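Below is one structure; the comments refer to it alone.
Keep in mind the model is a prediction, meaning the values are calculated, not measured. Sequential numbering from 1 along the given sequence is applied to the chain's residues.
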Amino acid sequence: MEEENNSLYRYKYENGEQKETTDTFDSVENQRFYDSYRYDTYSNTGSTYGAAQVYPTPKKKNPFLKAIKFVAAAACFGIVAGAAFFGVNYAAGELLPSQAENSSPSPDGNGNTNGSYLSNSNTPNLTIGTTGLTQVSKDTDDGVVVRVVEENMAMTVAVKSTFAQNYYYFGQYYQKETQGSGSGFIVGINDKELLIATNNHVIDSATKIELTFIDDTILEATVKGTDPVADLAILAVPLSTISEETMSKIRIATLGNSDEVKVGEMSIAIGNALGYGQSVTVGYISAKDRTVTVDGNSMLLLQTDAAINGGNSGGPLLNTKGEVIGINSVKYADTKVEGMCFAIPISRAIPILNELMNRETLSEDEQGYLGVEPKTVTDEIASFYGWPTGAYVANVLQGSAAEAAGLYVGDIITSVNGVQIITAEQLKSAVNSYRYGTTINVVVQRNVDGKYTEIPLSVTLMKKPNQ
């Protein structure tokens with residue numbers, strides 16, 4: 001059989017033992033995390049998560065020897081079967097009444113009533129009984145899933161993102177549009193907009209974003225705010241574009257508390273799998289606080305064995321109460337792994353989503369300015385020096401808002417207005433989302449007598465100075 005070269009892994013056999021090889025696949029890592037939305041990215045490479053297995057060719061066998069074995073086996077089978085048949089007939093005749101003594105005419109004349117019968121003059125009828133339909137109770141797992149899905153499908157949306165892809169061909173640059181599929185769910189509404197939560201990687205760099213609601217209405221959305229480090233984003237749809245009929249059918253999600261989730265609880269994922277439209281998968285919470293590194297960024301995630309497929313990213317992971325406990329994000333893709341999927345815990349996401357929902361759209365001249373030179377404290381640096389992760393203050397500019405608030409070189413900024421800060425880029429994005437003159441709450445970790453101590457500070461942002 002011809003080998004397919006569109007899979008990520010192959011196997012070979014040496015001395016009867018299966019071994020891995022990456023022949024012709026040297027550029028492919030043995031283990032890799034895949035963002036679970038970019039279905040179109042992999043659609044031209046066959047089965048992204050599959051494995052092409054190359055089996056050894058079977059040895060040819062002697063046909064004469066095979067015929068002898070077959071005849072011997074048949075003879076042996078006949079002897080054993082004959083003895084067994086005789087034993088059964090004898091026991092039936094001695095221990096059970098005959099068919100003629102107990103049977104009565106049936107509708108089809110063959111003794112069949114509610115099943116199939118095997119008749120023999122010396123044996124009773126053997127019945128293969130039929131089973132009735134089992135009524136699903138609201139208390140069963142199946143009933144819970146049905147109820148949760150019926151109540152929450154209306155708050156989920158399918159996301160279609162359009163991207164401009166640049167490529168170089170024969171000395172010329174070209175651009176073409178590509179599309180990706182993702183998911184989202186409705187988290188809020190204000191006097192102007194309907195607000196939808198999703199993953200940042202679903203809409204990052206998109207030139208156009210379209211949402212499909214429960215009634216198949218398709219509306220264009222804009223990005224309200226993003227947090228690339230947390231992989232979260234808020235999309236906004238103007239209320240003026242949503243019909244009354246659609247508004248009457250959609251609902252806002254109920255957010256739960258992921259801190260109270262227990263390992264072994266049922267989990268239900270709803271999402272736009274493979275871009276085909278909303279679908280449902282069910283599993284259980286496998287683990288909590290799993291450290292997962294994607295593109296160099298480490299996150300603490302919920303692990304579930306509910307299938308998270310391409311297009312599920314940004315969709316809700318629910319408990320049996322119908323509460324959102326996570327935002328589906330990534331899956332572990334490897335031929336040796338089954339059912340390792342991950343979601344952002346909703347309790348960690350809520351402060352970020354609240355901040356993103358309330359962001360203003362500001363010009364560069366309107367953005368707040370802190371006045372520090374931050375450096376990212378990576379996991380490696382934090383482990384080596386015993387520092388907390390966050391944005392390290394390498395310099396405080398004279399006369400800046402940071403200096404006035406009491407920030408010092410060596411401080412490590414860990415949160416802004418309750419949103420965790422992990423990188424320098426995240427700090428800049430958070431500060432720039434507020435208008436100058438706004439007072440924000442900043443938490444820093446400061447080395448006091450050789451021990452890092454948490455210190456809260458209030459900072460009134462200044463206008464960015466002219467360069």
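- How far CD1 of Ile412 is from CD1 of Ile381: 9.5 Å, rounded to the nearest 0.5 Å.
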Handout entry: Verdict with supporting geometry, Gln278 and Thr212, side-chain contact (heavy atoms from CB on, under 4.5 Å)
Key = CA-CA 10 Å; Gln278 303 292 28; Thr212 302; over 6 Å; no
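- Scored by the side chain to side chain donor-acceptor pair (under 3.5 Å) test, Gln303 finds Arg290 as partners (sequence neighbours excluded).
- A distance of 5.0 Å separates CD1 in Ile325 from CG in Asn319, rounded to the nearest 0.5 Å.
- A side-chain donor-acceptor contact under 3.5 Å links Asn417 to the backbone of Asn441.
- The CD1 atom of Ile327 sits 5.0 Å away from the CG atom of Leu353 when rounded to the nearest 0.5 Å.
- Judged by distance alone, with hydrogens and angles left aside, the side-chain atoms of Asp231 form a donor-acceptor pair with the main-chain N or O of His201 at under 3.5 Å.
- Put simply, the side chain of Leu370 reaches to within 4.5 Å of the side chain of Ile413, judged on heavy atoms.
- Judged as a side chain to side chain donor-acceptor pair (under 3.5 Å), and not counting sequence neighbours, the contacts of Arg446 are Asp411.
- Legend: salt bridge (charged side-chain N to carboxylate O under 4.0 Å, His left out) pairs involving residues 317-326, not counting sequence neighbours: none detected.
- When all heavy atoms are compared, the tightest approach of Gly256 to Ile346 is O-CG2, 3.5 Å.
- Looking at Thr207, its side chain does come within 3.5 Å of a backbone N or O of Thr162 through a donor-acceptor pair.
- Looking only at distances, a side-chain donor or acceptor of Ser313 sits under 3.5 Å from a matching main-chain atom of Ser329.
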Exercise for the section: Please lay out, stage by stage, how Leu235 and Val223 fare under the test side-chain contact (heavy atoms from CB on, under 4.5 Å). Expected result: CA-CA 5 Å; Leu235 306 178; Val223 178; 4.1 Å; yes
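- Judged purely by atom type and a 3.5 angstrom limit, Thr281 has no side-chain atom pairing as donor or acceptor with the backbone of Ala306.
- At a threshold of 4.5 Å between non-hydrogen side-chain atoms, the residues Ser181 and Val159 do not count as touching.
- Here the closest heavy-atom approach between residue Thr414 and residue Thr389 is recorded as CG2-O, 3.7 Å.
- For the pair Asp305 and Tyr284, the minimum side-chain heavy-atom distance is below 4.5 Å.
- Annotation for Pro228 and Asn200: closest pair CA-ND2, 3.6 Å, computed over non-hydrogen atoms.
- For Thr198, there are no side chain to side chain donor-acceptor pair (under 3.5 Å) partners at least two apart in sequence or on another chain.
- A search for side chain to side chain contact (heavy atoms under 4.5 Å, CB included) contacts involving Ala236 returns Glu193, Leu195, Thr222, Lys224, not counting sequence neighbours.
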Exercise for the section: Assess whether side-chain contact (heavy atoms from CB on, under 4.5 Å) is satisfied between Met155 and Val324, documenting all intermediate values. Expected result: CA-CA 11 Å; Met155 60 88 171; Val324 178; 3.9 Å; yes
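- Tyr392 is linked by a ring pair (Phe, Tyr, Trp, His ring centres under 6.0 Å) to Trp387, counting only residues two or more places apart in sequence or in another chain.
- Under a 3.5 Å cut-off, the side chain of Asn272 and the backbone N or O of Gly182 do form a donor-acceptor pair.
- The closest side-chain heavy-atom distance from Ile344 to Asn199 is below 4.5 Å.
- Thr217 pairs by the side chain to side chain donor-acceptor pair (under 3.5 Å) definition with Asp215, Thr246, not counting sequence neighbours.
- Within a 6.0 Å sphere centred on OH of Tyr452, other residues, nucleotides and ligands contribute more than 12 heavy atoms.
- Under a 3.5 Å cut-off, the side chain of Arg147 and the backbone N or O of Thr320 do form a donor-acceptor pair.
- Looking at Thr291 and Leu300, their side chains come closer than 4.5 Å, going by heavy atoms from C-beta outward.
- Counting all heavy atoms, side chain and backbone alike, Ile352 lies closest to Ala230 at CD1-CB, 3.5 Å.
- Applying the salt bridge (charged side-chain N to carboxylate O under 4.0 Å, His left out) definition to pairs two or more places apart or across chains, those involving residues 361-377 are Glu364-Lys464, Glu366-Arg435.
- Legend: salt bridge (charged side-chain N to carboxylate O under 4.0 Å, His left out) pairs involving residues 160-176, not counting sequence neighbours, sorted by first then second residue: Lys160-Glu210.
- Between Ile308 atom CD1 and Ser267 atom OG the span is 7.5 Å, to the nearest 0.5 Å.
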Exercise for the section: Could you give me the CA-CA distance, side-chain angles and deciding distance for Asn432 and Leu362, then say whether side-chain contact (heavy atoms from CB on, under 4.5 Å) is met? Expected result: CA-CA 8 Å; Asn432 291 340; Leu362 303 174; over 6 Å; no
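- Between the side chain of Lys288 and the backbone N or O of Glu260 there is no donor-acceptor pair closer than 3.5 Å.
- With contacts defined as side-chain heavy-atom distances shorter than 4.5 Å, the pair Ile186/Phe213 qualifies.
- For the atom pair CG (Asn152) and CG (Leu318), the distance works out to 5.0 Å, reported to the nearest 0.5 Å.
- Proximity of Asp204 to Thr226: side-chain heavy atoms (C-beta onward) are nowhere separated by under 4.5 Å.
- Within the 4.5 Å cutoff, side-chain heavy atoms of Pro316 are placed close to those of Thr156.
- Of all non-hydrogen atoms in Glu355 and Tyr434, the two that sit nearest each other are CG-OH, 3.4 Å.
- Lys249 approaches Ile214 most closely through the heavy-atom pair O-CG2, 3.8 Å.
- Taking the side chain to side chain contact (heavy atoms under 4.5 Å, CB included) definition, one finds that Val396 meets it with Val372, Val393, Ser400, Ala402, Glu403, Val409, sequence neighbours left out.
- Remark: Phe185 CZ to Asn328 CG distance equals 9.0 Å, nearest 0.5 Å.
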Identify every side-chain donor-acceptor pair in residues 420-430 under 3.5 Å, counting partners at least two apart or on other chains, and give the distances.
from   : atom 1 : to     : atom 2 : distance (Å)
Thr423 : OG1    : Gln426 : N      : 3.0
Gln426 : OE1    : Ile422 : N      : 2.8
Gln426 : NE2    : Asp227 : OD1    : 3.2
Gln426 : NE2    : Asp227 : OD2    : 3.0
Gln426 : NE2    : Gln420 : O      : 3.0

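- Checked against side chain to side chain contact (heavy atoms under 4.5 Å, CB included), Ala273 has the following partners two or more places apart in sequence or in another chain: Ser279, Asn309, Asn312.
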